[in-house]
2 protein chains.
Amino acid sequence: MKNSQLYKGSLNTIIMKLLEEQGRMYGYEITQKVKEITKGELNITEGALYPALHKLEAEGLLDVEVEKVDNRLRKYYKLTEKGATETVNRLAELEEFIKNMQTIVNPKLSY
Amino acid sequence: MKNSQLYKGSLNTIIMKLLEEQGRMYGYEITQKVKEITKGELNITEGALYPALHKLEAEGLLDVEVEKVDNRLRKYYKLTEKGATETVNRLAELEEFIKNMQTIVNPKLSY
DNA sequence: ATATATACATAATTTTCTTATGCATAACAT
DNA sequence: ATGTTATGCATAAGAAAATTATGTATATAT
């Protein structure tokens, strides 16, 4: 990812959320999309991304379609049915996580 | 921590924030405080906490004072000057992280 | 020609956590 | 009195997830 180790553990959720929103994406596209959304702050490294995609596929949460565009290979990923269900859970967990972290950072705002 | 791996990488920031706020705390107290703040959702395990405290101390970010209370040992930790400075940076990173994650989860709300 | 962008992949290592275990005292319930 | 829960620290083995460093290959811009 980047310097801040806070992103550790959030990569799978990020991937799944983007796929839920975009329908289907290929690896490189995901890295660019995240960079764009976070204004360059979060850079997903290939060494983290590709193994993560492979694992999600192995778990049956993603499906792959290989296509050749401009003579270059692209592997398009999309959520399976199981993956879509799981995404809902992960996003709920993420919201809880964010809420908890905000409570820790700013205890005065939570009541 | 708990089930959700999202908390990976956030333990150091949590410890430092609490110490900034509370002045000084001992390990067990930190686990209880976090449990209380998050209404039982986040349980810091000893296997994660103590090595983290030792590392922060080794990095010169924390100081320790050992005290005996009720015939039981307590190791009170507090931020060093270096630790206090670093805490400011880590909290800024945390706020950026939260903002970025919220943007990813809910892109419509960011403009 | 050379660098940058696009597009995938994996291997070695590091970081961080979980799980399991160990020691010891205090408080509480039966 | 005896067992369980709470308090308080610690470390070791293993798993999970990342970083860093490579490797391959095509396209595009300078």
Side-chain angles (χ1 to χ4, degrees), chain A residues 1-16 24-36 40-59 61-62 64-77 90 93-94 97 101, chain B residues 1-16 24-36 40-59 61-62 64-77 90 93-94 97 101:
Chain A
M1 304 264 201
K2 211 194 119 191
N3 26 347
S4 172
Q5 81 262 61
L6 291 166
Y7 293 92
K8 250 176 219 276
S10 60
L11 179 56
N12 287 337
T13 304
I14 291 172
I15 291 171
M16 291 166 77
R24 66 171 209 165
M25 298 180 85
Y26 56 99
Y28 185 76
E29 187 184 11
I30 292 175
T31 66
Q32 300 308 301
K33 183 75 180 175
V34 169
K35 199 184 290 182
E36 177 206 326
E41 279 203 45
L42 178 51
N43 290 290
I44 297 176
T45 60
E46 295 159 304
L49 177 67
Y50 292 115
L53 287 171
H54 300 160
K55 201 186 172 205
L56 289 171
E57 188 196 348
E59 288 167 352
L61 301 174
L62 301 187
V64 192
E65 284 164 22
V66 181
E67 282 181 35
K68 206 157 195 175
V69 180
D70 288 336
N71 206 32
R72 272 202 239 86
L73 203 72
R74 280 186 190 172
K75 292 180 104 175
Y76 279 96
Y77 289 90
R90 304 258 180 132
E93 274 180 26
L94 176 57
F97 166 65
M101 291 305 287
Chain B
M1 305 265 200
K2 212 192 119 190
N3 26 349
S4 172
Q5 83 262 61
L6 289 167
Y7 293 91
K8 235 182 229 284
S10 59
L11 179 55
N12 287 337
T13 304
I14 291 172
I15 291 171
M16 292 167 76
R24 66 172 209 164
M25 299 180 86
Y26 55 99
Y28 185 76
E29 188 184 10
I30 292 175
T31 67
Q32 299 309 301
K33 184 75 179 174
V34 169
K35 200 184 289 183
E36 178 206 327
E41 278 204 45
L42 178 51
N43 290 290
I44 297 178
T45 61
E46 296 160 303
L49 177 67
Y50 292 115
L53 287 172
H54 300 161
K55 200 185 174 207
L56 288 170
E57 189 197 348
E59 288 167 353
L61 300 174
L62 302 187
V64 192
E65 283 163 22
V66 181
E67 281 181 34
K68 207 158 194 175
V69 180
D70 289 336
N71 207 32
R72 272 201 237 86
L73 203 72
R74 279 186 191 172
K75 293 181 106 174
Y76 280 96
Y77 289 90
R90 304 256 181 134
E93 273 180 26
L94 176 57
F97 166 67
M101 290 306 286

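Only this structure's heavy atoms are used, side chains among them; waters, hydrogens and symmetry mates stay out. Note that the structure is a prediction, hence the values are computed from the model and not measured. So that the names make sense, note that chain A is the first sequence line, chain B the second, and so on, each numbered from 1.
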Identify the two heavy atoms, one from B:Q5 and one from A:N12, that lie closest to each other, and give their separation to 0.1 Å. NE2-ND2, 4.1 Å

Starting at the 5' end of DNA chain C and moving along, which residue's nearest nucleotide shows up first, B:K55 or A:Q32? A:Q32

Whole-Å gap separating C1' (C:dT16) and OH (A:Y7): 18 Å

Audit row: B:M16, B:T13, side-chain contact (heavy atoms from CB on, under 4.5 Å) steps and yes/no: CA-CA 5 Å; B:M16 292 167 76; B:T13 304; 5.9 Å; no

Return no unless some side-chain N or O of A:N71 is found under 4.0 Å from OP1 or OP2 of D:dA25. no

D:dG8 P sits how many Å from B:E65 CD, rounded? 17 Å

Check whether any side-chain nitrogen or oxygen of A:Q5 sits under 4.0 Å from OP1 or OP2 of C:dT16, and answer yes or no. yes

Separation of C:dA5 P from A:N43 CG (nearest whole Å): 12 Å

Using whole Å, what does the distance between atom C1' of nucleotide D:dG8 and atom NZ of B:K33 come to? 19 Å

Is it true that B:E67 and B:R24 have a side-chain N and a carboxylate O under 4.0 angstrom from each other? yes

Looking at every non-hydrogen atom in both residues, tell me the closest pair between A:G9 and B:L6 and how far apart they are. O-CD2, 3.6 Å

Of the non-hydrogen atoms in B:I30 and B:L53, which two are nearest, and what is the gap between them? CD1-CD2, 4.3 Å

I need the CG-P distance between A:L42 and D:dA17, as an integer number of Å. 17 Å

Without decimals, in angstroms, what is the distance between B:L11 CG and D:dA16 P? 20 Å

Whole-Å distance between D:dG8 C1' and B:K68 NZ? 12 Å

Partner set under side chain to side chain contact (heavy atoms under 4.5 Å, CB included) for A:K33, not counting sequence neighbours: A:L18, A:Q22, A:M25, A:E36, A:I37

If the sugar-phosphate is the primed atoms plus P, OP1 and OP2 and the base is the rest, what is the B/S/- string for nucleotides 7-14 of chain C, using protein heavy atoms under 4.0 Å? SBBB----

